[in-house]
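Read through the structure below, which is laid out as C-alpha cells, and then see the notes.
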Amino acid sequence: MAAHHRHRQHLSQDSAIFSPSVARIAASTARDWSYIDSWLAAKLHPRPIPAFERNQDTLKALLALAAVNEAADEERNLIAKSEATALQELSAAQLEAQAASSSLQRRPLREGLLDAVLYNLPPEGHTALDALATMSLQLGVAYPESEDLGRRMVDLQARAQEMEQMKARIAVLHRHIEKEASRMNQLLQQAQGDNYKPPAPLAKQNLELQRKIKTMSAKLPELQDRVVALTPTTESSHPTIVDIARDEQEYLAIVAQKKELDLQIASFHGLPSNPDIARSELDALRGQLRNVTSQRDAVFEGLVERESPVKRRGR
C-alpha cells in the first residue's frame, strides 16, 4: 500500500509538471488500482493483500481477471435463479395436476354429460356454440345469456354510430383549422414581404430632417438678434405699425416652417437612425402580430367548439 501511495504521489507530481492529459491518465490509473485493491480485499478476506509489483502490465492483468471473475459470478447467479424458477414451476405444475386429477375424480358425471352433449350436437349447433363462446370471450362475459349478448351488441352498435358522428365533426373542425392556418400563413408571408419593410432611404431622410431642425434651432437666436437690431433706436423707441407687421410676418413664416418640420419628423417618430435597430423593432412588431394571431386562433377555436353540433344538441 505504501508503494501504491508513492506511485500515486509520483503520478500527481508528473501531472502537475507535464499536462492535464497526464493528470487525467494518472487519475484513471488511481481509480483502477483502487478498484483492484477493493476486489482483492473482498476475495482474500480475512487474509491481507499480498505484496506484488504494481505496473501497467499487472494492472491490465488484474483488471481482466476481475472482469472474468465478475462475469462468472453473474453467470452462476443466473443459473441459480433459473434453477430456482424451474423448481417452482415444476412444483406448481405438480400441484395443478393433482388438483385437476382430484377434480376429475369428484365430477365424473358432469364431465361425461358435457362430453355427450358436445358429441351429439349437429354441425349447426357446434357453429352456434363456437360463435357464442367467441362473442362471450370478446365481450368479457363469464356466464353469457342471449339477452345480455344482444344488449351488448346493441350498445356496441350505438357506440360505433357515435364514433362515426364524432369522426365527421372532427373532420369538419380539421378542415376549418387547415383553412385558418392557410390564411394565417398568407398573412405572415405578406407581413414578411417588402411592403412592410422600411424604405431604404428612411434612415438618411431621418438624419437629414434632424440636421435641418438643428440648423434652424441654431439660426433662431440669430434671427431674434437681427429683429432686435433692426428695431429703430429713436428716443421714443416705440415700434411703428409697419415694423410690427413685418415682424409678425417673419414670425409666422418661422412658425409655419417649424410646424412643417415637426410634421415631417412625426412621420418618422420612434424609428432609430440605425438600420439594424430599426429592423430589430420591425421584428418585435412582427412578434406582436404573431401573438395577436395566436389569440385570434384561440378565440376562433372557442367559437367553433361552442357552435359545434354536439354543443347545440346538448342545449
Side-chain angles (χ1 to χ4, degrees), residues 81-82 84-86 88-192 286-315:
K81 290 180 180 178
S82 62
T85 303
Q88 292 177 357
E89 292 178 354
L90 181 60
S91 300
Q94 290 177 355
L95 292 175
E96 290 179 358
Q98 292 176 0
S101 61
S102 61
S103 176
L104 290 175
Q105 292 175 1
R106 288 195 303 269
R107 297 182 299 172
L109 179 61
R110 180 178 179 182
E111 297 295 334
L113 183 61
L114 290 175
D115 292 338
V117 170
L118 290 174
Y119 180 77
N120 292 298
L121 279 176
E124 295 81 1
H126 280 286
T127 303
L129 185 61
D130 291 338
L132 181 64
T134 303
M135 186 181 300
S136 301
L137 182 62
Q138 291 180 354
L139 294 177
V141 179
Y143 301 99
E145 295 291 340
S146 300
E147 293 80 2
D148 294 337
L149 294 178
R151 190 180 303 108
R152 294 289 185 91
M153 290 297 297
V154 171
D155 292 339
L156 288 177
Q157 291 289 342
R159 291 178 59 186
Q161 186 65 26
E162 290 179 357
M163 294 298 292
E164 289 294 333
Q165 293 179 0
M166 187 179 296
K167 180 180 178 181
R169 290 194 295 270
I170 291 174
V172 172
L173 182 59
H174 183 67
R175 287 196 297 270
H176 282 293
I177 292 174
E178 288 183 345
K179 183 178 179 180
E180 289 298 320
S182 177
R183 193 166 66 86
M184 290 300 102
N185 289 329
Q186 292 178 359
L187 290 176
L188 181 59
Q189 291 177 359
Q190 292 178 2
Q192 293 176 350
R286 288 175 179 170
Q288 294 178 4
L289 175 62
R290 287 193 291 270
N291 292 333
V292 173
T293 302
S294 301
Q295 294 178 1
R296 197 268 312 275
D297 292 341
V299 173
F300 175 78
E301 292 176 0
L303 291 174
V304 171
E305 183 179 4
R306 188 180 65 186
E307 298 298 331
S308 61
V310 177
K311 297 294 183 180
R312 290 199 299 269
R313 189 176 63 182
R315 294 175 183 175

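Bear in mind the structure is a predicted one, so any value in this text is a computation, not a measurement. Computed over heavy atoms, backbone and side chain alike; hydrogens, waters and symmetry mates excluded.
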Report the C-alpha distance between M163 and K167 in whole Å, list the side-chain angles of each, state the deciding distance to 0.1 Å, and finish with yes or no for side chain to side chain contact (heavy atoms under 4.5 Å, CB included).
-> CA-CA 6 Å; M163 294 298 292; K167 180 180 178 181; over 6 Å; no
Look up atom CZ in R152 and atom CZ in R159, then write down how far apart they are to the nearest 0.5 Å.
-> 10.5 Å
Is the side chain of S182 donor-acceptor paired with the backbone N or O of E178 at a distance under 3.5 Å, no angle test?
-> no
To the nearest 0.5 Å, tell me how far I177 CD1 sits from D297 CG.
-> 9.5 Å
Apply salt bridge (charged side-chain N to carboxylate O under 4.0 Å, His left out) to the pair R183 and E180, showing each step before the final yes or no.
-> CA-CA 5 Å; R183 193 166 66 86; E180 289 298 320; 2.9 Å; yes
Would V172 and H176 satisfy side chain to side chain contact (heavy atoms under 4.5 Å, CB included), going step by step from the backbone distance to the final call?
-> CA-CA 6 Å; V172 172; H176 282 293; 3.7 Å; yes
Interatomic spacing from CG in L188 to CZ in R286 - rounded to 0.5 Å = 8.5 Å
Nearest-0.5 Å distance that lies between atom NZ in K179 and atom NE2 in H174 = 14.5 Å
Nearest-0.5 Å distance that lies between atom CG in L289 and atom CD in Q190 | 10.5 Å
OG1 (T85) and CG (L90) are apart, to the nearest 0.5 Å, by 12.5 Å
